[in-house]
Amino acid sequence: MNPSYPHHPFGERIDKAALQTRLEAAQGWEAKNRLLVQLGRELPDWPATLRDDAHLVSGCESRVWLHGEYVDGQLRLYADSDSRIVKGLLALVLTAYCGQTAEMVARFDAEAWLQTLGLQRFVSASRGNGLRAIIRHIREYR
Amino acid sequence: MNPSYPHHPFGERIDKAALQTRLEAAQGWEAKNRLLVQLGRELPDWPATLRDDAHLVSGCESRVWLHGEYVDGQLRLYADSDSRIVKGLLALVLTAYCGQTAEMVARFDAEAWLQTLGLQRFVSASRGNGLRAIIRHIREYR
Amino acid sequence: MSPQCPNSDLFSQLRSEFPIFGTHPELVYLDSAATAQKPRCVLDAERRFYEEHNANVHRGSYALAIAATDAFENARSSIAGLLGVASDELIFTRGCTEGINLVAHSWGDSLAAGDEILVSTLEHHANIVPWQLLAQRRGVVIRPIPLNAAGQIDLPAYQALLGPRTRLVAITQAANATGTLPPLAEMIAAAHAAGALVLVDGAQGVVHRADGPAALAADFYAFSGHKVYGPTGIGVLYARRELLANLPPWQGGGEMIERVSFAGSSFAPAPQRFEAGTPPIAQAIGLATAMRWLAALDAADLHAHETGLQHRLETGLLDLPGVQVLAAATPRAPITALHFAGAHAYDVAHCLDARQIAVRVGQHCAHPLLAHFGVSSSLRVSLAAYNTTDDIDRFLVALGEALELLA
Amino acid sequence: MSPQCPNSDLFSQLRSEFPIFGTHPELVYLDSAATAQKPRCVLDAERRFYEEHNANVHRGSYALAIAATDAFENARSSIAGLLGVASDELIFTRGCTEGINLVAHSWGDSLAAGDEILVSTLEHHANIVPWQLLAQRRGVVIRPIPLNAAGQIDLPAYQALLGPRTRLVAITQAANATGTLPPLAEMIAAAHAAGALVLVDGAQGVVHRADGPAALAADFYAFSGHKVYGPTGIGVLYARRELLANLPPWQGGGEMIERVSFAGSSFAPAPQRFEAGTPPIAQAIGLATAMRWLAALDAADLHAHETGLQHRLETGLLDLPGVQVLAAATPRAPITALHFAGAHAYDVAHCLDARQIAVRVGQHCAHPLLAHFGVSSSLRVSLAAYNTTDDIDRFLVALGEALELLA
Ligand SMILES: Cc1ncc(COP(=O)(O)O)c(C=O)c1O
Ligand SMILES: Cc1ncc(COP(=O)(O)O)c(C=O)c1O
């Protein structure tokens, strides 16, 4: 494990089922927003030195930095953003992908999952660009 | 008088009042069309040698040839077209202008007159181009 | 009519879907090649956009803007699906003319002096003048593809014109002035074999459910919304993805850029790179609705209906003296161009107009084609799905009387 | 509000003329600088055209085509009248962006390498990128007009840039990203004194009843219909008659020609020479309706209403910590751009969206201007006639809560 990327609980301590419960409890868009902000707070900021162009995912409205690598066949994934809400979204993405095998990463339909969580707004043709760019990036780690 | 342009009765034997009576009797567009065709027949064709570019009025849907000159201060006007209906219209124009002084030519509002005759269709922005080009031409004779 | 028109009932009901015929119940509209009338669903779709989703596209992050962007991009993918091509191969333009001009600039400006473009004599000015302007800019040579006596593309002459300098063949899917259908399949295959690209002007094709760009293997394909039952102010340019990827932008502005600074700007990928500024949003949605409406008609029924009416028309014309159908012997779209031995086409149209019969008269923005036939103007009858046998019969009666009056 | 807004009753009734607010009664629409909502009369006018007069223009000789042409040309003269210019000085385009591109090609392509165009740093990309593309084509030099610390045009620097090679000054009537109103009168006078032409981007001017091209003495003036309560897919380019008379065509096709043959073509006079192909007919009619609707509002009342709302907004912002108004000290159109010390503008906009408050966030197609302020994005509130004090109050409450949540 690379010590320079801050450790985060998503995909480990916090799993998809736990998040699903929390998101379902958040009724309505405003409550979901609050929850995303809260999740974003649980995702630690990266040190400024890592927030560089090499980690930047282009195609997002706010800046998103991403790092992934496979260790013993399992994906380790780290992410950061200058937007709190996008960080919340990244927390969801990390939960879905961290610790997964390459095959599962290739197969998992993150957009559909976010839809079931009531976050279709982030998956639409216009907003989806950022999310899609992130997922495309994740799928390219080897 | 220039003998090469065929003599016609409009503005002489046939005056505005006579035409007005005939047009008012023609109720509806179809009847007016018939009358225009008939008037057109009363306007003799030009000899082919005069149907040349020098006499052509551009800006008309069909070809229109025009000649005018002032003799003793009165306008002599001759016209021809390859369209029967336009010839009918030309017959009206000749009636309005032939024998008039330059001052009256400049002042006469042919479009308004045609409107009162129920021929507004020829005066509209799109159809009017041809008629307007003819009137502009007539006003330029000196 | 029944042999030619298996579904004439279905088609006679169509008329009621077009509000204009409610306003003008007596209107015999035979000028659909100039612009088609619009079914109610198209007008409703455009209005619904303004009333429910209006926002600018691609730039907003609020619900309304997302809905507007989705509606706009769904229109694109819906049209792409109907044409059998990918969404990112479709550029929204103002119309067919702008699409061809886009190609003439964005693709054409990379040509070298002496490169050749073959342009057929069947073309509308929209597929002639942009190439002439390009020729002036770049020294490109325009070679007219001649017609044979029947008014059809002279195929041997065309083959002879194709050469190592030929970069593009510009050819219509159907001649707007005579309806003539050129032998597109042969022509496109020959062009490709000679290493040239092909631009097909689909303005008169889409409305009659002709083959789309995929089936034709066209490199570029342009058409207008207003001629396919859609709104004015919208059109589509298709270009093959590999071509688009390498084309520079033509117009500059918002949407088509990635980054702008005074030091230099970088451009977005296709299709956005070619859609500078706010696009015709409501019109794209209206066009997609129109094309879905058209696609819902059975293609074979539509063809039988339209050609059946044209057959009835041309059979009826045989009874009238001095009437010539231009390019009569060529395969034709449901467009019939008439020339009269004894009457001026304008005068005939005028008489028809008095009976609310709308036909086009003149040179139909196709001077070279009319020049080929040696006529200075013609009267054109063009048909669409909403026309009826009654339209044809009223036209024939009125034409007969007009010719008598004018004789 | 009453001191700033003498007719707030009248304006609160205006909202009911906009169907979108019937569909979304809770919508707080603060993104009018991106696109304005449409009053019912505009939607009715467009629809009425399709239902009663639809035909192609300029080419038909039957009653419907004459009515369509008259409606289209009346739209042109109606708009010309409102702008105080002649009908034949107005070209219909797809929008502001296309108008500027037309000038950059038709006029710009006659420039020589080394000729200079001054472009202000306030500009929307639509008034930057076409000039950059021209620079690439012709070796023309683009000189940015810098801003002073307040975010206003640096007039002495501008004067110093004007020189014997200056051919054009491209300047907006109001900066879309900050609302800043540049000192147009001085700038235009100085440009003319230096022998340069001036293109004014009126995209954010017309909607607030700013001076038109005649009052400004602009040589070129472009704007979009969709930002002035009109339809998408339509815009207007004004150019002085003497300029137009000498400009070559840009796009080729129908309508813009006099004669076409393969030996060469001759072109129609302006404005037709610049309107190749079927124009956006219904949209032109919709735009004329929109501009007449706008002209029927009292200009002073409208100004008082919009600036009153902006004053209420900016007064309210003073109670919120960490909120900066960009270019606050410059005279501004009713556009207010915000930067937040402690929150990402996207996150704020997202929270507002949850309450149906629509604002624009990002770089507003004005990268150089945002770069000037050293911010990567801002949140923009832009106002129009239909906004109400309630809109402002709901925005302020929601903004306060969003900043708290995100702190
Ligand atoms: C100042 C300014 N100029 C030009 C434009 C471009 O207008 P359009 O996208 O309608 O062509 C805009 C629109 O955002 C603008 O605000
Ligand atoms: C064959 C053909 N090509 C191009 C055009 C031009 O279409 P638009 O005027 O809609 O741009 C037309 C329209 O008349 C046409 O018939």
Side-chain angles (χ1 to χ4, degrees), chain C residues 19-20 23 31 34-35 37-38 43 47 50-52 54-56 59-64 94-95 97-98 101 124-126 128-130 132-133 142 144 224 226 231-234 251-254 257 259-262 265 276-278 280-283 346 349 353 358 360-362 365 367-368, chain D residues 19-20 23 31 34-35 37-38 43 47 50-52 54-56 59-64 94-95 97-98 101 124-126 128-130 132-133 142 144 224 226 231-234 251-254 257 259-262 265 276-278 280-283 346 349 353 358 360-362 365 367-368:
Chain C
I20 193 120
T23 310
D31 195 21
T35 199
Q37 298 302 335
K38 325 301 176 197
L43 306 184
R47 182 153 192 147
Y50 288 126
E51 296 196 344
E52 299 180 6
N54 182 61
N56 212 325
R59 287 177 270 189
S61 48
Y62 49 88
L64 206 62
R94 174 181 32 250
T97 301
E98 195 196 18
N101 278 277
H124 186 277
H125 295 164
I128 300 176
V129 185
Q132 292 185 325
L133 294 175
I142 307 301
S224 292
H226 70 96
T232 56
I234 184 80
Q251 301 190 32
I257 54 88
R259 291 221 63 71
V260 172
S261 80
F262 281 108
S265 301
T278 302
I281 307 169
Q283 292 76 27
Y346 281 102
D353 186 29
R360 179 57 47 104
V361 59
C365 295
H367 293 173
Chain D
I20 192 116
T23 310
D31 195 21
T35 199
Q37 299 301 336
K38 325 300 176 199
L43 306 183
R47 182 155 192 146
Y50 288 125
E51 297 195 346
E52 299 181 5
N54 181 63
N56 212 326
R59 286 177 270 190
S61 48
Y62 49 88
L64 206 61
R94 174 178 34 250
T97 301
E98 195 195 20
N101 278 279
H124 185 279
H125 295 162
I128 300 176
V129 184
Q132 292 185 325
L133 294 174
I142 308 300
S224 291
H226 69 96
T232 56
I234 183 81
Q251 301 189 33
I257 54 87
R259 291 222 63 73
V260 172
S261 80
F262 281 108
S265 301
T278 302
I281 306 170
Q283 292 76 26
Y346 280 103
D353 186 28
R360 180 57 48 104
V361 59
C365 294
H367 293 173

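The figures here come from the full heavy-atom set of this structure, side chains too, leaving out hydrogens, waters and symmetry mates. First the proteins, then the strands, lettered A, B, ... as listed; each starts at 1.
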Side chain / backbone / both / neither for Ser224(C) at chain D, heavy atoms under 4.5 Å: neither
Expected output: side-chain Thr232(D) to main-chain Ala282(C) donor-acceptor under 3.5 Å: yes
Donor-acceptor under 3.5 Å (Thr23(C) side chain, Glu51(D) main chain): yes
Proximal component of Asn101(D), with respect to chain C [non-hydrogen, under 4.5 Å]: side chain
Top of Cys365(D), Ala358(D), Gly254(D) for chain C proximity - count of heavy-atom pairs under 4.5 angstrom: Ala358(D)
CD-CZ distance between Gln251(C) and Arg94(D), expressed to the nearest 0.5 angstrom: 5.5 Å
Sequence-distant partners of His124(D), ring pair (Phe, Tyr, Trp, His ring centres under 6.0 Å), two or more places apart: none
Shortest non-hydrogen contact from Pro130(D) toward Gly253(C): CD-N, 4.5 Å
Toward chain D, the part of Gln132(C) with a non-hydrogen atom under 4.5 Å: side chain
Heavy-atom pair count under 4.5 Å with chain D, highest-scoring of Ala55(C), Ser261(C), Pro144(C): Pro144(C)
Where Tyr62(C) and Arg360(D) come nearest, the two heavy atoms and their spacing: OH-NH2, 3.8 Å
Contact origin within Ile281(C) toward chain D - heavy atom pairs under 4.5 Å: both
Partner residues of Pro368(C) under the side chain to side chain contact (heavy atoms under 4.5 Å, CB included) criterion, sequence neighbours left out: Thr121(C), His125(C), Ile128(C), Val260(D), Phe262(D)
Residue part contacting chain C, namely of Ile257(D), when any heavy atom lies under 4.5 Å: side chain
Selection from Gln37(C), Lys38(C), Arg259(C), His367(C) maximising heavy-atom pairs under 4.5 Å formed with chain D: His367(C)
Spacing of Asn54(C) atom CG and His226(D) atom NE2 [to the nearest 0.5 Å]: 9.5 Å
Partner chain C: residue of Leu43(D), Val361(D), Ile234(D) with the largest heavy-atom pair count (under 4.5 Å): Leu43(D)
Point-to-point distance, once rounded to the nearest 0.5 Å, from CG of Leu133(D) to OG of Ser265(C): 8.0 Å
Under 4.5 Å from a heavy atom of chain D, the part of Leu64(C) involved: side chain
Beyond-backbone contact of Thr278(C) with Thr35(D), side-chain heavy atoms, under 4.5 angstrom: no
Chain C interface, residue from Gly277(D), Gly95(D), Pro280(D), Gly362(D) that has the most non-hydrogen pairs under 4.5 Å: Pro280(D)
